[in-house]
Protein chains: 2
Amino acid sequence: MVVFNERDSDDLDQLFHALANRTRRDIVARVLGGEVAPISVLADRYEMSFAAVQKHVAVLEDAGLVTKRRSGRKRIVHGNPERLGEARQLLAELEELWHARFSQIDAVLDDPTTNEE
Amino acid sequence: MVVFNERDSDDLDQLFHALANRTRRDIVARVLGGEVAPISVLADRYEMSFAAVQKHVAVLEDAGLVTKRRSGRKRIVHGNPERLGEARQLLAELEELWHARFSQIDAVLDDPTTNEE
DNA sequence: ATTATATACAACCACATGGTTGTGTTTAAC
DNA sequence: GTTAAACACAACCATGTGGTTGTATATAAT
């Protein structure tokens, strides 16, 4: 119901910032899609250095969108769909504010309890 | 169906970047919620200069999340809910990739036509 | 044992971001 | 007709971002 609270506004900044980059969205799509993904394998598909991809994964990890699990010398990247859900939830709430504009007018006319100045 | 295409990846970068800031999310919430909002009125509620808020509105406008309409010397800021829908849609598609991981296994077992290597 | 692979991490760079102040212009209020 | 309000816009600044290269370390392959 409450759209914004101080508490997790930094979280949301991080979350949306992580999604505001094509390479990172692509990585998220791949790991969510089920690709077994050590960083090295991910890195092969992008025209940038291993270190650059490593940084992108770190941004995603800080945002909570992926986690890394060690497997020998590899770090397997796993997706975190719940975190995406949080972002989608917030957008849905924002859209809901818009819809509420109209339904509110009806409500005020119908419901006498909304009539406290 | 197709999650990413080259064409609008810059658009999405802009869109998510615009949402990756508390002040901007707050502005979006207010204008979508129906607040009549010249920039000056918006600016009053934040502890930053008018010019700073002006810039935030500009970022939102470039991202397509709001539009400005002139009214005398004021610029009324209006929300653009469809654009939010686009972002939500993309997140939904990403989540769908995750769900598809499991339903795909079932599908392969059930449907012989998926059996072309 | 040596070599190659996969990663971590630091230093560096050009450019973007989020803020500021200052100046100019149009419109409203007196 | 002055003054004040609402905005546009530029210059500036500290910090962040997205990339690079280089060095170090742990594990796998030979």
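Order of the sequence lines fixes the chain letters, A, B, ..., with proteins taken first and strands second; residue numbering starts at 1 for each chain.
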Student: Once each nucleotide of nucleotides 18-23 of chain C is scored for protein heavy atoms under 4.0 Å, what B/S/- sequence comes out, 5' to 3'?
Tutor: SBBB--
Student: Heavy-atom contacts under 4.0 Å between residues 64-75 of chain A and DNA chain D, which residues?
Tutor: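 A/Arg70, A/Gly72, A/Arg73, in order of number.
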Student: I'd like to check the side chain to side chain donor-acceptor pair (under 3.5 Å) partners of A/Glu96; sequence neighbours left out, ordered by chain and number.
Tutor: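 A/Glu96 satisfies side chain to side chain donor-acceptor pair (under 3.5 Å) with no residue once adjacent residues are dropped.
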Student: Please confirm whether the shortest side-chain N or O distance from A/Gln54 to OP1 or OP2 of C/dA8 is below 4.0 Å.
Tutor: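 Affirmative; the distance criterion is met.
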Student: What side-chain donor-acceptor pairs closer than 3.5 Å can you find for residues 60-67 of chain A, not counting sequence neighbours?
Tutor:
none

Student: Could you check whether any side-chain heavy atom of B/Phe16 comes within less than 4.5 Å of a side-chain heavy atom of B/Leu91, counting everything from C-beta outward?
Tutor: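 With C-beta onward as the side chain, the pair touches.
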Student: For B/Glu95, enumerate each residue passing the side chain to side chain donor-acceptor pair (under 3.5 Å) test, keeping only those at least two apart in sequence or located in another chain.
Tutor: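 Once residues adjacent in sequence are excluded, the partners of B/Glu95 under the side chain to side chain donor-acceptor pair (under 3.5 Å) criterion are A/Arg88.
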Student: Let me know the distance between CG of A/Leu60 and C1' of D/dG18, rounded to the nearest Å.
Tutor: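 Checked: the CG to C1' distance equals 13 Å.
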Student: For A/Arg22 and D/dG19, what is the distance between atoms CZ and C1' respectively, to the nearest whole Å?
Tutor: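 About 17 Å, once rounded to whole Å.
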Student: Estimate the overall bend of the helix from C/dA1-D/dT30 to C/dC30-D/dG1 from the end axes over five pairs each, rounded to 10 degrees.
Tutor: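 Rounded to the nearest 10 degrees, the bend comes out at 20°.
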Student: How would you list, by chain and number, every residue that makes a salt bridge (charged side-chain N to carboxylate O under 4.0 Å, His left out) with A/Arg83, sequence neighbours excluded?
Tutor: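 A/Glu86.
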Student: Using atom CD1 of A/Ile39 as one end and atom C1' of C/dT7 as the other, report the distance to the nearest whole Å.
Tutor: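 Interatomic distance, CD1 of A/Ile39 to C1' of C/dT7: 7 Å.
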Student: Using atom CD1 of A/Ile27 as one end and atom P of D/dG18 as the other, report the distance to the nearest whole Å.
Tutor: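 Distance check: A/Ile27 CD1 to D/dG18 P gives 12 Å.
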Student: Say you draw a straight line from CG of A/Leu19 to CG of B/Leu15; how long is it, rounded to the nearest 0.5 Å?
Tutor: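 Answer rounded to 0.5 Å: 10.5 Å.
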Student: Taking A/Asp10 first and then B/Arg22, would you say they form a salt bridge - that is, a charged N and a carboxylate O separated by under 4.0 Å?
Tutor: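 Salt bridge between A/Asp10 and B/Arg22, a charged N being under 4.0 Å from a carboxylate O: no.
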Student: So, using side chain to side chain donor-acceptor pair (under 3.5 Å) as the criterion, who are the partners of A/Asn80 when residues are at least two apart?
Tutor: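 So A/Asn80 forms a side chain to side chain donor-acceptor pair (under 3.5 Å) with A/Glu82.
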Student: Think B/Ser40 has a side-chain N or O under 4.0 angstrom from the OP1 or OP2 of D/dA5?
Tutor: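 For D/dA5, OP1/OP2 do not have a side-chain N/O of B/Ser40 under 4.0 Å.
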Student: Can any side-chain N or O of B/Arg25 pair as donor or acceptor with the backbone N or O of B/Ala18 at less than 3.5 Å?
Tutor: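 Not at all, since once roles are kept as given, no pair shorter than 3.5 Å links the two residues.
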Student: Using atom types as modelled, flag every donor-acceptor pair under 3.5 Å from a side chain in residues 38-49 of chain B to any protein atom, sequence neighbours excluded.
Tutor:
residue : atom : partner : partner atom : Å
B/Tyr46 : OH   : B/Asp26 : OD2          : 2.6
B/Tyr46 : OH   : B/Arg30 : NH1          : 3.0
B/Ser49 : OG   : B/Ala52 : N            : 3.1

Student: In this structure, how many angstroms lie between the P atom of D/dT17 and the CZ atom of A/Phe16, rounded?
Tutor: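 Distance, rounded to whole Å: 16 Å.
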Student: How many Å lie between CZ on A/Arg25 and C1' on D/dG18, as a whole number?
Tutor: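 Rounded to the whole Å, the gap is 15 Å.
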Student: Between A/Asp13 (CG) and D/dT17 (P), how many Å, whole number?
Tutor: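 The distance from CG of A/Asp13 to P of D/dT17 comes to 10 Å, rounded to the nearest Å.
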Student: Quickly work out the A/Glu61 CD to C/dT7 P distance and round it to whole Å.
Tutor: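 Going from CD in A/Glu61 over to P in C/dT7 covers 13 Å.
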Student: Check side chain to side chain donor-acceptor pair (under 3.5 Å) between A/Arg69 and all other residues, then give those that pass, not counting sequence neighbours.
Tutor: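 With neighbours one apart ignored, the set is A/His78.
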